[in-house]
Amino acid sequence: MPNCKSPPFEITLKVRDSCLCLHLQRAARAVARQFDEALRPLDLTNGQFSLLMSLNRSEPPSIGSVSALLAMDRTTLTANLKPLERRGLVQTAIDPADRRSRRLTLTAAGSALLAAAVPVWEETHAATEHLLSGADPERLRTDLRALSGPRAVALCP
């Protein structure tokens, strides 16, 4: 086995203090915990809320468009859909225009749950923005969209 030498501790401190990936992950986990806690009485996670919200459209979206919007691979999206389908909140149907494709629809129960969750989201979102003390939330959203790159998509069919 080759003699491997660890990087100097100063590099560890530099990464800890300046790594965008680390800071984004930490912030994402902290914010996700806040939303999970707020949505818990509705038996929803923040990820499930986002997934249900991504289906709230005039036309049922394809699995591909939802996976692109949520920056989630299709396999992960399918796994995340299963508990929502078992709860009767989402339906998956064959696309009549392309039988190889699937379309996703909120059920009446899914729409009702989403409607109940919106005020919880609004309150939690406002509290989260308030934590940014002096920062510009719109600028942060713009910067985060820039980091998500070409995979960033508009909410459309």
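Worth saying up front: this structure is predicted, and the values here are computed from it rather than measured. Numbers here simply count residues along the sequence, with the first being 1.
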Novice: Rounded at 0.5 Å granularity, tell me how far CG in Leu104 sits from OG in Ser65.
Specialist: 7.5 Å

Novice: Could you tell me which non-hydrogen atom of Leu69 sits nearest to which non-hydrogen atom of Arg57, and how far apart they are?
Specialist: CD2-NH2, 3.7 Å

Novice: To the nearest 0.5 Å, what is the distance between OG (Ser62) and CZ (Arg103)?
Specialist: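 CZ of Arg103 is found 5.0 Å from OG of Ser62.
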
Novice: How does the hydrophobic cluster around Val15 look, that is, which other residues are in it when side-chain heavy atoms under 4.5 Å mark a link?
Specialist: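 Val15 shares its hydrophobic cluster with Ile11.
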
Novice: When you look at Phe49 and Leu114, which way does the side-chain contact (heavy atoms from CB on, under 4.5 Å) test go after all the steps?
Specialist: CA-CA 7 Å; Phe49 173 81; Leu114 191 57; 3.8 Å; yes

Novice: Tell me the closest heavy-atom pair linking Leu42 and Ala117, and the distance in Å.
Specialist: CD1-CA, 3.4 Å

Novice: Considering residues at least two apart in sequence or located in another chain, which fulfil the ring pair (Phe, Tyr, Trp, His ring centres under 6.0 Å) criterion with His125?
Specialist: Trp121

Novice: Does any pair with a residue in residues 132-144 pass side chain to side chain donor-acceptor pair (under 3.5 Å), and if so which ones, sequence neighbours excluded?
Specialist: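 Counting only pairs at least two positions apart or across chains, the side chain to side chain donor-acceptor pair (under 3.5 Å) contacts touching residues 132-144 are Glu129-Arg141, Glu138-Arg141, Glu138-Arg145, Arg139-Asp143.
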
Novice: Working to the nearest 0.5 angstrom, can you tell me the gap between Gln48 CD and Ser50 OG?
Specialist: 10.0 Å

Novice: Would you be so kind as to tabulate the donor-acceptor pairs closer than 3.5 Å made by side chains of residues 81-93, with sequence neighbours excluded?
Specialist:
residue, atom, partner, partner atom, Å
Glu85, OE2, Thr92, OG1, 2.3
Arg87, NH1, Asp43, O, 2.6

Novice: Do you know which two heavy atoms are closest between Ser111 and Leu106, and how far apart they sit?
Specialist: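 In this case the closest contact between Ser111 and Leu106 is OG-CB, 3.8 Å.
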
Novice: Is Thr76 reaching over with its side chain to a backbone N or O of Met72, donor-acceptor style, under 3.5 angstrom?
Specialist: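 The answer is no, because no donor-acceptor pair under 3.5 Å joins these two groups.
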
Novice: Under 4.5 Å side-chain heavy-atom separation, chaining through any Ile, Leu, Val, Met, Phe, Trp or Tyr, what else clusters with Ile94? Say none if it is isolated.
Specialist: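 Members other than Ile94 - counting any ILVMFWY side chain reachable under 4.5 Å - there are none.
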
Novice: Measure the spacing between CG of Leu70 and OG of Ser54 and express it to the nearest 0.5 Å.
Specialist: 4.5 Å

Novice: Should Pro61 and Leu55 count as side-chain neighbours, where that means a heavy-atom distance under 4.5 Å?
Specialist: yes

Novice: What pairs of donor and acceptor atoms, side-chain ones from residues 23-39 against any protein atom, are under 3.5 angstrom apart with sequence neighbours left out?
Specialist:
residue, atom, partner, partner atom, Å
His23, NE2, Arg16, O, 3.0
His23, NE2, Asp17, O, 3.4
Gln34, OE1, Thr128, OG1, 3.4
Asp36, OD1, Asn46, N, 2.7
Asp36, OD1, Asn46, ND2, 2.8
Asp36, OD2, Asn46, ND2, 3.4
Glu37, OE1, Arg40, NH1, 2.3
Glu37, OE2, Arg40, NH1, 3.4

